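I have placed the structure first, in the form of structure tokens, so that the comments after it can refer back to it.
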Amino acid sequence: MRGGAVVTALAAVLVALLGAAPAQAAGYRYWSFWQSSGGRWAYATQGPGTARPGDGDVIGFRFAVSADSADAAKPRAAAGFGEVCDRTAAKDGAKRVAVVLDFGTPADAPDGETPPAALSACAQVGEDATAGEALAAVAKPLRYDSSALLCAIAGYPRTGCGEQVSGAKKDDGASARPSATDKSDGGGGGVPSAGLIGGVAAVVVLGAAAFWQARRRRG
């Protein structure tokens with residue numbers, strides 16, 4: 001094999017190996033906000049502090065690690081009003097809003113914390129109340145940070161607020177089973193594993209040896 005062909009082949013191998021390297025994901029652990037649309041969950045276009053659900057509406061909150069709205073995990077309970085608010089009688093001057101809370105999986109939980117069981121409750125609030133006020137009526141204590149980001153619902157989690165996590169593995173199944181790694185989202189860059197680096201080094205050594213051997217034969 002000629003020296004130029006060796007270099008070309010080596011470059012192709014390197015590209016293939018590096019392209020196969022798995023990326024380390026990065027995302028944020030936070031409460032996402034959802035609204036019912038035709039009986040299905042839709043990511044809310046407003047925050048709970050400004051959204052104003054109507055009487056008979058359903059809002060949901062899911063604690064998980066995700067990158068953005070396209071990656072966010074939905075509440076796993078159905079987005080239905082009847083099963084939550086049927087036993088709450090309508091009242092003049094008030095509206096009923098079904099609130100569905102999904103505290104996520106152990107894989108999404110901060111270290112040392114266990115997600116509480118899912119909860120659904122009917123909030124009966126003033127006609128002009130926001131989603132945040134409906135949430136506060138049924139799931140105190142709430143915790144916000146200085147920029148009004150919702151950090152905790154019903155006291156969960158105890159600490160942290162939208163912190164970044166990495167090395168994620170998605171686990172959004174109906175059964176909340178533990179995972180060895182935190183779930184992440186986001187667009188973190190990949191870092192080759194030690195095994196891959198070793199393999200690349202071996203290819204470099206073998207390629208260099210072949211190149212010099214070809215030169216010696218020509219000489």
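This structure is a prediction, so every number in the text was calculated from the model and none was measured.
Between G54 and V97 the shortest heavy-atom distance is O-CG2, 4.1 Å. For P106 against P115, the heavy-atom pair with the smallest separation is N-CG, 3.8 Å. Scanning all heavy atoms of the two residues, the minimum distance from D128 to E133 falls at O-OE1, 4.3 Å. Of all heavy-atom pairs between A131 and F33, the closest is CB-CZ, 3.5 Å. The two residues V65 and D71 come nearest to each other via the heavy atoms O-OD2, 4.3 Å. For the residue pair A121 and V138, the shortest heavy atom distance occurs at CB-CB, 3.8 Å.
D102 places a side-chain N or O within 3.5 Å of a backbone atom of R76 that can act as its donor or acceptor partner. Judged by distance alone, the side chain of Q35 and the main-chain N or O of W41 form no donor-acceptor pair under 3.5 Å.
Rounding to the nearest 0.5 Å places OH of Y43 at 16.0 Å from OG of S37. Note that CD1 of I153 and NZ of K140 are 14.0 Å apart. Values are rounded to the nearest 0.5 Å. Atom OG1 of T114 and atom OH of Y156 lie 7.5 Å apart (nearest 0.5 Å). Taking CG of L150 as the reference point, atom OH of Y30 lies at 12.0 Å (rounded to 0.5 Å). Once rounded to the nearest 0.5 Å, the distance linking OH of Y28 with OG of S166 reads 11.0 Å. Put simply, CG on L135 and CG on L101 are 6.0 Å apart, with the number rounded to the nearest 0.5 Å.
Two rings, from F61 and W34, have their centers 6.0 Å or more apart.
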- Message: E127 vs K95, test: salt bridge (Lys or Arg N to Asp or Glu O under 4.0 Å). Steps then yes/no.
- Response: CA-CA 5 Å; E127 293 177 332; K95 62 184 177 185; over 6 Å; no
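Side-chain contact between V100 and V58: present, with at least one pair of heavy atoms (C-beta onward) separated by less than 4.5 Å. A 4.5 Å side-chain heavy-atom check between F81 and D57 finds every atom pair outside the cut-off. When side chains are defined from C-beta on, R62 does not count as touching K74, because their heavy atoms never get closer than 4.5 Å. Looking only at side-chain heavy atoms (C-beta outward), L149 and C161 come within less than 4.5 Å of each other.
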Which donor-acceptor pairs under 3.5 Å do the side chains of residues 82-90 make with protein atoms, sequence neighbours left out?
none

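Aromatic ring orientation, F63 versus W31: tilted (interplanar angle from 30° to 60°).
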